[in-house]
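The structure under discussion appears below in the form of structure tokens.
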Amino acid sequence: EVQLVESGGGLVQPGGSTRLSCVASGFTFSTSTMSWVRQAPGKGLEWVSHINSGGGDTVYLDSVKGRFTISRDNAKNTLYLQMNSRKPEDTAVYYCAKDRRFSSEYDYWGQGTQVTVSS
């Protein structure tokens with residue numbers, strides 16, 4: 001069974017740091033490109049970041065560049081999103097997803113973890 005389980009969300013203050021985690025199972029994580037995608041309240045899905053299988057190729061949404069860092073630990077089948085300098089605009093449900101090969105779509109999604117950035 002394919003599973004992507006996100007964790008690390010919650011109510012946090014602006015300016016601080018949070019690390020989201022996504023534990024994968026049921027597929028070959030170490031050869032899979034992965035993404036973080038988010039959905040703000042009342043808005044559509046927004047791609048946030050992408051990482052290749054080895055972790056050396058990363059791409060970010062412009063609004064999070066310099067603040068967020070995507071990484072992975074293939075030995076633990078885990079994807080991470082380090083969120084620094086958090087802003088209220090970062091409030092969203094954050095999902096990890098397995099990228100579909102040769103496509104901008106996704107094969108699998110997690111259940112999401114809610115991040116609320118507020119004073």
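Note that the structure is predicted; figures quoted are calculated from it, not measured.
Not one N or O on the side chain of W109 forms a donor-acceptor pair closer than 3.5 Å with the backbone of L4. Here the side chain of D57 pairs no donor or acceptor atom with the backbone of N52 at under 3.5 angstrom. Under a 3.5 Å cut-off, the side chain of N74 and the backbone N or O of N77 do not form any donor-acceptor pair. A donor-acceptor contact shorter than 3.5 Å is absent between the side chain of E6 and the backbone of L20. Under a 3.5 Å cut-off, the side chain of Y106 and the backbone N or O of C96 do not form any donor-acceptor pair. Remark: side-chain polar atoms of R72 are not paired, donor with acceptor, to backbone N or O of G54 under 3.5 angstrom.
D99 and S35 are linked by a side-chain donor-acceptor pair at a separation below 3.5 angstrom, with hydrogens and angles left out of the test.
The shortest distance between side-chain heavy atoms of T18 and V115 does not fall below 4.5 Å. Using a 4.5 Å heavy-atom threshold, the side chains of R67 and M83 count as separate. Q39 is not listed as a side-chain neighbour of E46, based on a closest heavy-atom distance of 4.5 Å or more.
Heavy-atom minimum distance, S21 versus T78: CB-CG2, 4.3 Å. Smallest separation of non-hydrogen atoms from R19 and Q82: CB-OE1, 3.5 Å. In this structure, I70 and Y60 approach most closely via the heavy-atom pair N-OH, 2.9 Å. Heavy-atom minimum distance, V59 versus S49: O-OG, 2.9 Å. Across S71 and L79, no two heavy atoms sit closer than the pair O-CD1, 3.4 Å. The minimum heavy-atom distance between Y80 and W36, with the atom names listed, is O-NE1, 3.1 Å.
Atoms OG1 and CZ, on T113 and R38 in that order, are 14.0 Å from each other to the nearest 0.5 Å. R86 CZ to T116 OG1: the interatomic distance, rounded to the nearest 0.5 Å, is 11.0 Å.
Residue Q13 qualifies as open at atom CD: its count of foreign heavy atoms under 6.0 Å is 12 or below.
K65 and D62 are joined by a salt bridge, as a carboxylate oxygen and a charged side-chain nitrogen come within less than 4.0 angstrom of each other.
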